[in-house]
Amino acid sequence: MTATSNAAAGAATLMPLLIHLLRGASDLASVSATHAKLLKLGAASSVASSNHLLAAYGRCGCTALARHLFDGMRDRNVVSWTALMSGYASAGRPRAAVALLRAMARSGVPPNAFTFSTAASSCARLADAGLGRQVHARAEVAGYACDSVVSTALVDMYGKAGRVGDARAVFDAMPVTARNAVSWASMLSVYAQNALGHDAIQLFAELRTNGEDMAPNHFMLSSVVNACAGVGRLGIGKCIHGMVLHHGHEDNDVVAVALVDMYSKCGIYEYSKKVFDRINQPSVIPYTSIIVATAKYGLGRCALALFSDMVGRGVQPNSVTLLGVLHACSHSGLVDTGLQLLRSMRSEYGIDPCASHYTCAVDMLGRAGQLEAAFELADEAQVNGNDALMLWSSLLSACRNHKRLDLATMAGQKVSEFTQDVAGALVVMSNAYASAGQADDAAAVWSNMRRRGIRKDPGCSWIEIKDISYVFYAGVVSPAGSRAGEVMLLLDELEGKMREKGYKGRIGSARVLDADEEEDGNHHHQEGRGVMVGVHSELLALGLGLLVIPKGMAIRVMKNLRMCRDCHEAFKVISAIVDREFVVRDLNRFHHFRMGSCSCNDYW
């Protein structure tokens with residue numbers, strides 16, 4: 001046997017081993033060493049070997065070396081182009097990845113399903129629907145748009161770009177046989193990520209009905225649990241938890257974190273804690289989730305204990321973890337502890353305070369009535385854009401609550417400089433003027449809002465009864481259906497009992513005469529008699545809950561805006577009168593009312 005034939009035989013023997021090494025390599029040193037051996041064997045120039053090298057360099061994030069190798073290839077096939085595209089995408093260069101798709105078309109090499117799915121995933125990272133549509137169009141022309149891998153990537157892309165309708169259109173266009181667990185999970189995730197929880201729940205119901213006994217995976221279950229959290233659907237959330245246990249996903253961190261979040265947002269912190277306690281070795285994400293949940297319930301010292309336990313176990317906190325701890329301090333009046341954490345973030349944990357941390361600290365000082373210190377910290381923060389709007393809006397609210405019209409005016413001037421998302425803050429400014437008896441200034445704020453076309457989102461509250469959500473708006477009791485009259489009679493009766501307890505406010509903003517009484521000509525009504533109007537949405541939801549939810553069960557109400565002081569006081573008094581527990585989730589936190597008091601201790 002000649003030397004040449006011996007070398008060829010040796011190369012043939014080594015090649016499968018070297019390719020195997022390349023497939024498992026994830027560090028540059030290993031890939032470079034294997035590349036050198038292939039060069040020595042004279043086998044590095046083949047298309048197959050080059051493709052394996054491209055993929056390996058891409059996994060290492062060495063896109064420059066991958067591009068150099070790609071440019072030196074005499075022959076390139078679809079695998080070559082897709083491997084380089086995937087490398088760019090993995091290295092955080094999605095635009096370069098999509099540009100390769102265009103260059104590929106000019107080269108005459110037709111893309112395959114994996115090429116299109118990689119390009120669509122790159123557009124998803126950019127959240128660029130325009131660029132994504134171009135990829136979608138190319139996939140349609142090439143006949144790959146209905147491929148399950150490509151369609152799933154397009155669903156994800158449109159979802160991340162906020163084009164939920166387009167995502168659903170792609171999903172619906174998929175042949176039923178092509179929809180797999182990944183496809184369903186992707187569409188569910190689109191709804192959950194775009195705050196369309198009811199749609200996600202409905203889609204999951206479709207899966208259970210039409211999914212041909214497809215077992216839900218942990219991605220599906222976590223998306224539906226997140227959807228239940230977003231819309232406060234406790235009953236359905238409990239059912240999904242049962243499925244989690246049935247299918248053996250209770251040890252999955254993603255599902256566990258979703259359950260912790262869901263139970264806390266649905267008003268059952270105890271269940272959140274139980275789920276967390278069953279996680280064997282919680283990482284930073286579960287710890288952060290339970291700390292944030294604890295903070296929203298005003299359990300500041302419990303949140304600090306969890307944080308201490310986390311650090312003691314050697315789990316490094318991230319920026320969100322520290323924000324959760326600051327939030328706990330803010331809602332529990334632990335000002336000194338919160339300020340100490342803010343000042344030590346960089347030295348203790350290597351994390352620079354961002355705008356959110358400063359906003360939370362300013363909010364903490366404002367709630368505690370330390371308004372001058374809050375203004376000083378606000379100036380120190382030097383935040384811009386939406387972050388600045390949130391900071392000054394928070395400070396404006398604190399000034400109004402502490403009846404400091406002088407400082408409220410200063411904060412209001414800062415807020416008025418913005419053009420978007422200022423309605424809530426301007427309403428607070430108007431209320432501050434009204435509380436100080438300056439009706440003309442309050443009216444001027446509303447006049448300015450009308451002139452600028454600024455409208456306040458309507459407040460609404462909802463309550464879940466037997467897996468059905470009843471959504472109420474201020475003054476609109478019709479969602480209670482046939483029991484609407486009973487709700488108003490109950491609230492009227494409660495208001496009378498509240499006055500006996502010394503309550504000075506009013507459940508309704510006004511009262512009008514009953515039509516029958518007007519016909520009788522009886523205009524000599526006792527003060528407070530008549531029909532209540534303008535009742536806030538959370539009180540209407542509470543009224544229905546008191547009628548239909550059995551005694552002994554807590555009544556849970558969700559609200560899309562912050563609970564006002566009058567309603568907060570009303571809930572406290574009513575809880576004592578009827579001897580019931582109420583849990584209210586508003587925009588900022590949870591309020592647990594029991595026996596005339598609230599868990600927030602007025603730090604809300």
Side-chain angles (χ1 to χ4, degrees), residues 113-114 116-125 127 129 132-133 135-136 139-140 143-259 261-262 467:
F114 294 104
F116 284 118
S117 66
T118 302
S121 297
S122 297
C123 295
R125 291 191 178 201
R133 288 186 195 281
V135 173
H136 190 177
E140 288 277 9
Y144 285 106
C146 289
D147 177 89
S148 62
V149 176
V150 176
S151 293
T152 301
L154 288 170
V155 166
D156 181 60
M157 179 274 295
Y158 281 125
K160 285 187 168 61
R163 307 284 182 150
V164 178
D166 291 329
R168 184 61 195 253
V170 172
F171 180 80
D172 288 341
M174 294 176 68
V176 175
T177 54
R179 293 180 190 166
N180 55 24
V182 181
S183 310
W184 284 95
S186 183
M187 191 64 231
L188 286 167
S189 179
V190 166
Y191 281 134
Q193 290 171 358
N194 284 276
L196 296 170
H198 293 295
D199 296 281
I201 292 167
Q202 183 177 347
L203 181 66
F204 188 70
E206 290 178 31
L207 167 64
R208 303 301 294 162
T209 304
N210 307 318
E212 298 181 357
D213 298 324
M214 183 186 298
N217 60 26
H218 67 279
F219 293 111
M220 295 182 199
L221 293 169
S222 63
S223 291
V224 183
V225 170
N226 286 329
C228 293
V231 295
R233 298 301 299 273
L234 176 61
I236 295 175
K238 285 182 175 180
C239 291
I240 304 300
H241 191 177
M243 290 185 190
V244 168
L245 297 172
H246 177 72
H247 292 284
H249 294 299
E250 63 270 22
D251 292 329
N252 182 276
D253 267 10
V254 175
V255 176
V257 169
L259 287 168
D261 186 55
M262 184 272 292
D467 294 338

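Because the structure is a prediction, the values reported are computed rather than measured. Positions are given from 1 along the sequence.
Within the model, atoms CE of M187 and CG of D199 stand 8.0 Å from one another, a figure rounded to the nearest 0.5 Å. To the nearest 0.5 Å, the span separating CZ on R233 from CD1 on I201 amounts to 5.5 Å. Between atom CE of residue M243 and atom CG of residue L245 there is a gap of 11.5 Å, rounded to the nearest 0.5 Å. Separation of atoms CG (L221) and NE2 (H246) is listed at 11.0 Å; rounding is to 0.5 Å. For the atom pair I236 CD1 and M262 CE, the distance stands at 10.5 Å (nearest 0.5 Å). The distance from atom CG of L154 to atom OG of S121, rounded to the nearest 0.5 Å, is 9.0 Å.
In terms of modelled atom types and a separation under 3.5 Å, the side chain of N217 and the main chain of F219 share a donor-acceptor contact. Side chain of N194 to backbone of V190: a donor-acceptor contact under 3.5 angstrom is found. Listed for the S148 side chain is no donor-acceptor partner under 3.5 Å among the backbone atoms of N180.
Between Y144 and F116, the angle of the ring planes lies from 30° to 60°, which puts this pair in the tilted group.
Across all non-hydrogen atoms, the minimal contact from F171 to S183 is CE1-O, 3.8 Å. Taking every heavy atom of both residues into account, L259 and V225 meet most closely at N-CG1, 3.7 Å. When all heavy atoms of A145 and S151 are compared, the pair lying nearest together is O-OG, 2.6 Å. Here the closest heavy-atom approach between residue P216 and residue H247 is recorded as CD-NE2, 3.5 Å. Of all heavy-atom pairs between A258 and S222, the closest is CB-O, 3.9 Å. Between S117 and A153, the closest heavy-atom pair is O-CB, 3.7 Å.
With ring centers used as reference points, Y158 lies under 6.0 Å from H136.
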Apply the test side-chain contact (heavy atoms from CB on, under 4.5 Å) to residues F114 and V150: give CA-CA distance (whole Å), side-chain angles for both, the deciding distance (0.1 Å), then the verdict. CA-CA 7 Å; F114 294 104; V150 176; over 6 Å; no
Check step by step if side chain to side chain donor-acceptor pair (under 3.5 Å) holds for T152 and S186. CA-CA 7 Å; T152 301; S186 183; 5.9 Å; no
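Counting heavy atoms from C-beta outward, Y191 and H198 have side chains that stay 4.5 Å or more apart.
Ionic pairing of D166 and R133 is present here: one or more N-O contacts between side-chain nitrogen and carboxylate oxygen are shorter than 4.0 angstrom. For E206 and R179, the salt-bridge test fails: no basic side-chain N is under 4.0 Å from an acidic carboxylate O.
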